[in-house]
Visitor: 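For reference, the structure I am asking about is given below.
For the numbers below, each heavy atom of this structure counts, side chains included, while hydrogens, waters and symmetry mates do not.
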Amino acid sequence: MNIEKNLIKQRRIPKQARSIQKYNEILDASARVLQEQGYSQSTMQEISLESGHPYATIYQYFSSRDDIYLAWLERFINNSLYGLSNLILSNEDAELDDYVDAAVQLAL
């Protein structure tokens, strides 16, 4: 799978609150499907059923299942880095092992 090629395929970036909510519901549902069925067994149909959004809504944002998971992964990494950077900025006296422990907690 060519990640750079897949990152370009996102069809629409949500801007309004309702669209952002739908987008995040799809990503959250995809994570639940991934956890329950694994990547190779997950399908767009399962993501649609889990999210409660029809295919048409999902295809407004994503071209494929791979695109959904790449967007979920990007959101996960951004949230993790944001949380870790806030911890570091708010507690400059912490030791390295505190930061590593916090990073592990964010990842789980």
Visitor: How far does CD1 of I13 sit from CD1 of I20, to the nearest 0.5 angstrom?
Guide: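 Going from the CD1 atom of I13 to the CD1 atom of I20 covers 10.5 Å.
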Visitor: Quick one: do Y61 and L27 satisfy side chain to side chain contact (heavy atoms under 4.5 Å, CB included)? Show the steps, please.
Guide: CA-CA 11 Å; Y61 303 107; L27 294 183; over 6 Å; no
Visitor: Roughly how far apart are S40 OG and L34 CG, rounded to 0.5 Å?
Guide: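 CG of L34 is found 9.5 Å from OG of S40.
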Visitor: Would I77 end up clustered with I26 when hydrophobic side chains under 4.5 Å apart are linked, directly or stepwise?
Guide: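 Yes; I26 is reachable from I77 via cluster members.
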Visitor: Could you work out, with side-chain contact (heavy atoms from CB on, under 4.5 Å) as the rule, every residue matching Q37, not counting sequence neighbours?
Guide: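 Testing Q37 for side-chain contact (heavy atoms from CB on, under 4.5 Å), a comparison that skips the adjacent residues, returns V33, Q41, E46.
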Visitor: Could I get the full list of side-chain contact (heavy atoms from CB on, under 4.5 Å) partners for A29, not counting sequence neighbours?
Guide: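 Counting only residues at least two positions away or on another chain, A29 forms a side-chain contact (heavy atoms from CB on, under 4.5 Å) with R32, E50, S51.
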Visitor: Taking the side chain as every heavy atom from C-beta outward, state whether P14 and K22 have any atom pair closer than 4.5 Å.
Guide: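 A side-chain contact is absent here, since even the closest heavy-atom pair is not under 4.5 Å.
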Visitor: Only counting residues at least two apart or in another chain, list the ones meeting side-chain contact (heavy atoms from CB on, under 4.5 Å) with Y55.
Guide: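 M44, Q45, S48, Y59.
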Visitor: Report the distance from atom CG of N24 to atom OG of S30, rounding to the nearest 0.5 Å.
Guide: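 Taking CG in N24 and OG in S30, the distance rounds to 10.0 Å.
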Visitor: Look up atom OH in Y23 and atom CG in D28, then write down how far apart they are to the nearest 0.5 Å.
Guide: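 Spacing of OH (Y23) from CG (D28) equals 11.0 Å.
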Visitor: Find the distance between CD1 (I47) and CZ (F62) and round it off to the nearest 0.5 Å.
Guide: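 The CD1 atom of I47 sits 9.0 Å away from the CZ atom of F62.
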